[in-house]
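This is a predicted model, so every value here is computed, not measured. Protein chains get the first letters and strands the later ones, always in sequence-line order, with residue 1 at the start of each.
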There are 2 protein chains.
Amino acid sequence: MDNTAPQSPAGLSTTPTWLLNQTAGHAARLLSEGFAAHDLRGYHYRLLATLAEDGPASQADLGRRCGIDRSDVVAAINDLAGRGLVVRAPDPADRRRNVISATDAGADEARRMGATVERVQADLLAPLSATERKQLTRLLTRLLHHHSRH
Amino acid sequence: MDNTAPQSPAGLSTTPTWLLNQTAGHAARLLSEGFAAHDLRGYHYRLLATLAEDGPASQADLGRRCGIDRSDVVAAINDLAGRGLVVRAPDPADRRRNVISATDAGADEARRMGATVERVQADLLAPLSATERKQLTRLLTRLLHHHSRH
DNA sequence: ATGCTACGTTGGTCCAACCAACGTTGGTTC
DNA sequence: GAACCAACGTTGGTTGGACCAACGTAGCAT
């Protein structure tokens, strides 16, 4: 989208935070464009993928697993349910909870979106060799792991 | 039931896009907290740092260099000018333009914020050796450079 | 029975990013 | 010089992701 390449100040363009931010922004944009083809957004994908992967769960649990706030889960599940990709049912074992399950259509969509994500991934990492991709993944995982337990 | 699930689905937590997004989010959060101590935000820092580094520039030029939209530059410069960190003056050579310059106070603030950024940087990269930091920087730079021209 | 916690939900806030449109000004081209 | 088009600053939006406070209901422990 940037017709004119942003020239980022020399002092900033070398800092890892800047690089991370820019690269992640680029990845997010590519993903967002990919998701748009499915008429869905990031939250939807995360939830759908988690459901398709790990099976039914309560909304709070989904939120915890995806790192999405409870209140945001409500809206996203509303969307997904409205499209028949997901079903909301009261949990007979705990009436506070809703059990969310992916429908067949939902599982389908999750697969298709997964393919989209992989395509984007390949696009993003195109300039890197397989070894370098592993390297990057490893470094980022280390950073994340270190900081995720606060 | 509530075995406090790990955040992030297994299938997602290995994808570079997810890792990038999460890591950048973490970095952004740390930066945001750091900036809050100065009662400023990301846009302000980018603009101020660019001004302090490269000297006065028009708003459009600033926006181009920082990757900030013209309209957002207006608001941010308004804030900075309101604090006396920056001065807006009409360009005698081109009356369409405003020349933005950092004041002494602005340059001071830029230095202090730069120190904050470095602190955050060190915090973020704590788990990585110097070699690994270089590696990460190199990989991200490669990615960014590749995607920024096309 | 009391109190504490978890759940779903409503209704916000915030920041970063982007876009459309307008009036003004500069630079070209006739 | 007049007619155009491009660039500038500005206003006033929209979007996506993330977060927060509060409420009523429901489960759990004492």
| If each of B:Asn98 and A:Asp91 is mapped to the nucleotide of DNA chain D with the nearest heavy atom, which maps nearer the 5' terminus, i.e. the 5' end? | B:Asn98
| A:Glu132/B:Arg138 under salt bridge (charged side-chain N to carboxylate O under 4.0 Å, His left out): CA gap, chis, key distance, verdict | CA-CA 10 Å; A:Glu132 289 169 327; B:Arg138 193 179 127 273; 3.3 Å; yes
| Between the side chains of A:Arg88 and A:Gln59, does any donor sit under 3.5 Å from an acceptor? | yes
| request: Treat primed atoms plus P, OP1 and OP2 as sugar-phosphate and everything else as base, then score nucleotides 11-22 of chain D 5' to 3': B for base contact with protein heavy atoms under 4.0 Å, S for sugar-phosphate contact only, - for none. | output: BB---SSBBB-B
| task | Starting at atom CG of A:Leu80, determine the distance to atom C1' of C:dG8, rounded to an integer number of angstrom. | result | 16 Å
| task | Could you check how far CG of A:Asp61 sits from P of C:dT5, rounded to whole Å? | result | 20 Å
| message | Tell me whether the side-chain N/O atoms of A:Arg97 come closer than 4.0 Å to OP1 or OP2 in C:dC7. | response | yes
| What do the steps show when you test B:Leu136 against A:Gln135 for side-chain contact (heavy atoms from CB on, under 4.5 Å), and what is the final call? | CA-CA 8 Å; B:Leu136 180 63; A:Gln135 235 174 45; over 6 Å; no
| request: Take the protein atom CZ of A:Arg96 and the nucleotide atom P of D:dC28, then report the distance between them rounded to whole Å. | output: 7 Å
| query | Do you know the tightest heavy-atom contact between A:Cys66 and A:Thr50? | reply | SG-OG1, 3.2 Å
| request: Specify the closest pair of heavy atoms between A:Ala76 and A:His44, including all atoms of both residues, with the distance to one decimal. | output: O-CD2, 3.6 Å
| said: Minimum heavy-atom separation for A:Thr137 and B:Pro16, please, with both atom names. | reply: OG1-CG, 3.9 Å
Distances for protein N/O vs nucleotides 2-5 of chain D N/O pairs under 3.5 angstrom?
none

| Hey, any chance A:Leu128 and B:Leu144 share a hydrophobic cluster, counting ILVMFWY side chains that come within less than 4.5 Å of each other, even indirectly? | yes
| query | Taking atom P of C:dC15 as reference, at what distance in whole Å does atom CD of B:Glu33 sit? | reply | 14 Å
| field | From D:dG9, C:dT9, C:dA6, nucleotide with atom closest to B:Gln59 side chain | value | D:dG9
| query | Is a side-chain donor or acceptor of B:His147 paired with a backbone partner of A:Leu124 at a separation under 3.5 angstrom? | reply | yes
| field | For atom CG of B:Asp39 and atom P of C:dC14, their distance in whole Å | value | 13 Å
| note | side chain to side chain contact (heavy atoms under 4.5 Å, CB included) test vs B:Leu51 passes for just one of B:Leu85, B:Leu80, B:Val87, B:Ile100, namely B:Ile100
